[in-house]
K.L.:
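Pasting in a structure now, in structure tokens, and then I'll have a few things to ask.
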There are 2 protein chains.
Amino acid sequence: MLVAARSDNGDAAKTATDFRMGRQVPTAIQTAADIRPAAEALRDIARDLGNFRVAACANIASRSPMTDADGDVLASCVFGWPATKEQWWQKPLLALSSPLTFACRYENEPFWANAHGIHTRAPNPLLDQIDLSLFQGEVNANAVICVPVHMSFGQIAAISFSPFNDKRDDLSKEFDLYSDQLEYHARRFVHGYTRVSSQRPWIPKNCRLSKREVECLRWAAVGKTDVEIALILERSCATVRFHIHNAAIKLEAVNRSQTVFKATQLGYLGNVAAVMVPHPQIEAQVAAK
Amino acid sequence: MLVAARSDNGDAAKTATDFRMGRQVPTAIQTAADIRPAAEALRDIARDLGNFRVAACANIASRSPMTDADGDVLASCVFGWPATKEQWWQKPLLALSSPLTFACRYENEPFWANAHGIHTRAPNPLLDQIDLSLFQGEVNANAVICVPVHMSFGQIAAISFSPFNDKRDDLSKEFDLYSDQLEYHARRFVHGYTRVSSQRPWIPKNCRLSKREVECLRWAAVGKTDVEIALILERSCATVRFHIHNAAIKLEAVNRSQTVFKATQLGYLGNVAAVMVPHPQIEAQVAAK
DNA sequence: GCAAAACCTATGACTAGCGATAGGTTTTTC
DNA sequence: GAAAAACCTATCGCTAGTCATAGGTTTTGC
């Protein structure tokens, strides 16, 4: 089936046009001065594709609104949210609040959602327990297409596209037709925005962690004490501390919390829950002490 | 300029064809049985576009090779790496090793690289200090296009496309023509692979952190002690502990390291270095104690 | 092959910081 | 006004961090 699809469309590999709409990508941002026109481009693309209104949050952990080079808030000045509603980003619990924000933490690809459910490209059981009972009130729409953007340093952005002045509550067709394109432009926009907005970039001078350092750090990150890690790895407590201390030095961190933080941001710990296996017998040994 | 480009191509918004090459996306993975055909599709797309050979690492923090449903290693069975070279993923320091892996930690968008530099869509000063002197030996190619994929839970993937059996060392033209398409398929492939490979998905039952909890946690994540945080926030040390403890309960974490880890994974702390401002006067007060 | 660098392992003592616990007060929200 | 959230004080035991020291193994570069 999948192979057959490739055979039928083999020649399309080199002839497929992309989303750029010309030589430049209108949603890409190179300098702060590009923010406004890029936001306008994103707004217009969303409107042209499905009469969608854009809501964009470059960092779900931050309550700062996205602004252009002059400090004007994009939500009201470009995306068309009424000024009286512009408070939604002061409270991350609204609009891009609990249900959508939650989903963006756990999902890598675009999805659409309404009060009946969150509809992803492929099933994601992690989203099953999200409470959508207050959907309309929280999201200010009956349905929404949402693009999560996971970025470096653990930053997560969320860009949503909701029907503007109409009552659509089933976006499955639009999602099927346009999610790729909306995702592409949302990513380009948010990547660029984040890049030009960044201050004080941080990079340690020598962050080549050794195998042992990472190993000890992983166990620390899942909550094990030095004694427990020592038992797990069959090494002394002092060795464990040595390695963790070494990792801290390399990451230019002052204590364990910061070390874990930075290692996570840089992807050293990955998806630990899938990698590390619990040690019930070690836990019994520790309990016996 | 950007607005003009949109005007010229306004109608393209709804007529642009996408990368899917038909009704299905050949590189998308829904079940484990799709891994092999999807990998073959990715291989073929890369070959058709630019005679590239694929190297894919779904989690730069893991040394497990990517395998299909039968446990066959994709690098040798599908992507065409000689069996004698298939050890590269046993040592994350090779192939997708230091220079490329490093760049993938700090860059959100595709780039191409050779021994002379890392060429991104927009300048990224964080990549300037990456040592490329041993490029050919480490990467096994004169030049490479690389797609970083940042995913949920802090997982980072890297997919590279290097010229197969030829000496190209300047991929700027291919990058300009095909990076979007390669990125699209690499993302779809890796997202799907990660989804079907995941075990023990983890989600806390109540991870709605309060403003205060996040605030305290952020300072802890950048290495501040409880006393320092208390001074910064003008609250007592006990209150800081209280909030951090609350966050730990909500995230189902047993200690501070694990709390910071999980909060980072879920994007609660965001790009803290850009958000939080140092407090030189607080540091002086702590030093005076 | 050799030297240097990197990595690994370990000890012991001490103290700072964290986690748990208990009880209470104040502020905010509905 | 009541309940929930935020804040406060205090204590004590446990864990993490520091310091100084020592030695061995593996990898890398010439």
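Proteins get letters first, then strands, A, B, ... in listed order; numbering begins at 1 in each.
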K.L.:
Any side-chain N or O of A:His243 less than 4.0 Å from the OP1 or OP2 oxygen of C:dC7?
P.N.:
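So the side chain of A:His243 is outside the cut-off, no N or O lying under 4.0 Å from OP1 or OP2 of C:dC7.
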
K.L.:
Using only modelled atom types and a 3.5 angstrom limit, is any donor from either the side chain of A:Arg256 or the base of D:dA16 paired with an acceptor on the other?
P.N.:
no

K.L.:
Assign each of B:Ser257 and A:Phe242 to its nearest nucleotide of DNA chain C by heavy atoms, then name whichever residue's nucleotide is nearer the 5' end.
P.N.:
A:Phe242

K.L.:
Rounding to an integer number of Å, can you tell me how far A:Arg235 CZ sits from C:dT11 C1'?
P.N.:
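Rounded to the whole Å, the gap is 16 Å.
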
K.L.:
Output the rounded distance in Å from CD1 (A:Ile244) to P (C:dT9).
P.N.:
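Those two atoms, CD1 and P, are 13 Å apart.
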
K.L.:
Which residues pass the salt bridge (charged side-chain N to carboxylate O under 4.0 Å, His left out) test with B:Asp170, not counting sequence neighbours?
P.N.:
none

K.L.:
Between A:Ser210 and C:dA6, does any side-chain N or O lie under 4.0 Å from OP1 or OP2?
P.N.:
no

K.L.:
For B:Glu213 and B:Cys237, take the nucleotide of DNA chain D holding the closest heavy atom to each; which residue's nucleotide lies nearer the 5' end?
P.N.:
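First, find each residue's nearest nucleotide; the 5'-ward one identifies B:Glu213.
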
K.L.:
Testing the basics here: between A:Ala263 and A:Leu217, what is the closest heavy-atom pair and its distance to 0.1 Å?
P.N.:
CB-CD2, 3.9 Å

K.L.:
Nearest of D:dT9, C:dT9, C:dC18 to any side-chain atom of B:Ser236?
P.N.:
D:dT9

K.L.:
Mind calculating the distance between CG (A:Leu209) and P (C:dA6) to the nearest angstrom?
P.N.:
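Result: 14 Å.
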
K.L.:
Choose from D:dC7, C:dA20, C:dC8 the nucleotide whose nearest atom is closest to any side-chain atom of B:His245.
P.N.:
C:dA20

K.L.:
Whole-Å distance between D:dA16 P and B:Gln258 CD?
P.N.:
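Distance check: B:Gln258 CD to D:dA16 P gives 12 Å.
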
K.L.:
Which one, D:dA10, D:dT18, C:dC18, comes nearest to the side chain of B:Arg241?
P.N.:
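From the listed options, C:dC18 comes nearest.
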
K.L.:
Between P on D:dC19 and CD1 on A:Ile249, what's the gap in Å once rounded to a whole number?
P.N.:
10 Å

K.L.:
Do you know which two heavy atoms are closest between A:Cys104 and A:Cys146, and how far apart they sit?
P.N.:
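Answer, listing the atom of A:Cys104 first, then A:Cys146: SG-SG, 3.7 Å.
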
K.L.:
Would you please confirm or rule out a distance under 4.0 Å between OP1 or OP2 of C:dA6 and any side-chain N or O of A:Lys250?
P.N.:
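The answer is no; no side-chain N or O of A:Lys250 sits under 4.0 Å from OP1 or OP2.
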
K.L.:
In whole angstrom, what separates B:Asp226's CG from D:dT15's C1'?
P.N.:
13 Å

K.L.:
Nearest to the side chain of A:Thr225, which nucleotide is it out of D:dA16, C:dC18, D:dC7?
P.N.:
D:dA16

K.L.:
Tell me which nucleotide among C:dT9, C:dA20, D:dA10 gets nearest to the side chain of A:Thr239.
P.N.:
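Selected nucleotide: C:dT9.
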
K.L.:
Show the nearest heavy-atom pair for residues B:Phe261 and A:Thr264, with the distance to one decimal.
P.N.:
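Scanning both residues, the minimum pair turns out to be CD1-OG1, 3.2 Å.
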
K.L.:
Just compare D:dC7, C:dA20, C:dC8 and give me whichever is closest to any side-chain atom of B:Arg212.
P.N.:
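Of D:dC7, C:dA20, C:dC8, D:dC7 is nearest to the side chain of B:Arg212.
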
K.L.:
Just the rounded figure in Å: distance from P of D:dA16 to NZ of B:Lys224.
P.N.:
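Rounding to the nearest Å, NZ of B:Lys224 and P of D:dA16 are 21 Å apart.
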
K.L.:
Which pair of non-hydrogen atoms, one from A:His243 and one from A:Cys216, has the smallest distance, and what is that distance?
P.N.:
CB-SG, 3.9 Å

K.L.:
Please name the pair of heavy atoms, one in B:Leu171 and one in B:Phe161, separated by the smallest distance, quoted to 0.1 Å.
P.N.:
CD1-O, 4.4 Å

K.L.:
Please work out if A:Asn246 contacts a base, only the sugar-phosphate, or nothing of the nucleic acid, heavy-atom cut-off 4.0 Å.
P.N.:
nothing

K.L.:
Nearest whole angstrom, please: distance from the P of D:dA16 to the CG of B:Asn255.
P.N.:
7 Å

